[in-house]
Amino acid sequence: MTGTGGVRRWRGIAALSPGRLVIVGQIGTAALHAHHTVQVIVAAEDMVLADRAGERVVCRAAVVPPDVAHAVVRGASHGALVHLDPESAQGARWAALSRPRDSARGWVCAAAELQLDMLSEWLRGDQHAGEGSSAGQRVGEGRSAKLGGGQLSSPELGEGQLSPAELGEGQRSPDGPSAGEPPHGPLTDEAAAFASWVRSALASESEKEWLRVGTGETVRHPAVAEVLRLLPECLSAGPVRLAELARAVHLSESRLAHVFSAELGIPFRPYLRWLRVQRAAELIAAGQSLTDVAHGAGFADSAHLTRVCRSMFGAPPSEFGSLDWRGALHRPQATPPS
């Protein structure tokens, strides 16, 4: 899904952890495609999205449910994109708000209900606030991130066919929020969380230190904390079985599955899948071949890795190498039970 000709490309930084991928930077175009994650997108200026039926909407925020075909007809110079696992508590809640789920208008209405559209001006200020910083410069100067791009395959959705009304800028309040600050007034928990993810990604100065952008909650259950400690060491060893981990932490398999989901907000299997993709992103960023990446992250082979990445994000792993990656394996610290 690479850009061609005058089509805007994706550029930016990325932070990945189990259940969530955050990309901040230039929003590119994307051909009609679908993936199994919930896609949340907020732009600092008007963008144009389209659904499978060819309906287009001009918007600054949208929530696209999993497995729904969508296209970015026109991107934006700055914005933020988040992929959420649909099996996580957050992902399921956000995806359910898009009604009808296969309509571009439904995606925009869901974003408005979450007040994500209120973050548009904040993103614009956040961009300007970071221009003098290392993180801000990296967003503006990042290498091409080919997670979008490509002219739309359907002629009726092609670029250059937008109406004058679509091409016009919407009316915006001249009094936006201060640079780097969220909009004034109370935000929904979801909008506040989205702003926090963006801030965390921009604040990371090191590509070698894993960024805690993921589940982020303190893990209180000692068995879950021990499983999280063991998992990174198990990734390259092949299949990871919950039953074996349950024996290691002296719990039944069903009990461990329950407390794991309760603590982290995402079931064990999808958590493990994200953990493998996260390790793969680290190895890709280190310049390893796809074969070595697949084996190092515990996939059967590079074809297996490619299928998982396409299913989750709509792009093969080879296109992740152009992103400026921040963060790595999410290792929450345990605290004694209260």
Side-chain angles (χ1 to χ4, degrees), residues 1-2 9-25 28 30 35-40 80-85 88 91 135 138-139 142-149 197-198 200-216 228 231-237 240 264 266 269-332:
M1 293 186 293
T2 57
R9 290 177 178 268
W10 293 72
R11 299 177 183 274
I13 63 174
L16 175 66
S17 57
R20 187 177 303 130
L21 166 63
V22 181
I23 301 174
V24 184
H35 40 68
H36 192 54
T37 57
V38 182
Q39 180 172 295
V40 187
L81 174 71
V82 175
H83 287 274
L84 293 173
D85 192 289
S88 67
R138 279 181 164 166
V139 170
R143 293 161 292 174
S144 172
K146 299 177 286 186
L147 287 179
W197 304 336
V198 173
S200 297
L202 290 173
S204 176
E205 295 291 340
S206 172
E207 297 180 28
K208 296 181 180 179
E209 295 180 1
W210 285 122
L211 178 65
R212 189 167 175 168
V213 178
T215 50
L228 294 179
L231 278 177
E233 304 169 3
C234 300
L235 291 183
S236 60
V240 177
L264 298 179
I266 182 172
R269 284 299 166 193
Y271 183 98
L272 180 61
R273 188 185 312 121
W274 281 83
L275 204 63
R276 292 196 187 281
V277 171
Q278 191 176 23
R279 172 63 63 80
E282 177 187 22
L283 299 177
I284 290 172
Q288 294 194 19
S289 69
L290 282 185
T291 298
D292 290 339
V293 167
H295 292 159
F299 292 95
D301 50 31
S302 59
H304 182 203
L305 170 61
T306 297
R307 288 195 302 272
V308 170
C309 287
R310 284 192 179 277
S311 172
M312 293 176 70
F313 310 121
S318 58
E319 298 191 355
F320 294 167
S322 298
L323 286 168
D324 179 5
W325 287 96
R326 312 294 178 89
L329 289 177
H330 176 59
R331 296 186 176 106

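Listed here is the closest heavy atom pair of Pro270 and Asp85: CB-OD2, 3.5 Å. In terms of heavy-atom proximity, Gln278 sits nearest to Pro18 at OE1-CD, 3.3 Å. Heavy atoms only, all atoms of each residue included: Val240 and Arg269 are closest at O-NH1, 2.9 Å. Across Ala280 and Phe299, no two heavy atoms sit closer than the pair CB-CE1, 4.5 Å. Here the shortest heavy-atom pairing between His304 and Asp301 reads N-OD1, 2.8 Å. Heavy atoms only, all atoms of each residue included: Gly91 and Val38 are closest at O-CG2, 3.5 Å.
No side-chain heavy atom of Arg276 sits under 4.5 Å from any side-chain heavy atom of Val308. In this structure the side chain of His83 reaches within 4.5 angstrom of the side chain of Gln39, judged on heavy atoms. With contacts defined as side-chain heavy-atom distances shorter than 4.5 Å, the pair Leu283/Arg279 qualifies. In this structure, Pro317 and Ile284 have side chains that are in contact, with non-hydrogen atoms separated by less than 4.5 Å. At a threshold of 4.5 Å between non-hydrogen side-chain atoms, the residues Val22 and Ile13 do not count as touching. Counting heavy atoms from C-beta on, the side chains of Leu16 and Trp274 come closer than 4.5 Å. Within the 4.5 Å cutoff, side-chain heavy atoms of Leu228 are placed close to those of Leu264.
With rounding to the nearest 0.5 angstrom, the NE2 atom of His295 is 10.0 Å from the CG atom of Leu305.
Panel note: side chain Thr37, backbone Phe313; no donor-acceptor pair is recorded below 3.5 Å. Judged purely by atom type and a 3.5 angstrom limit, Thr306 uses its side chain to pair as donor or acceptor with the backbone of Ser302.
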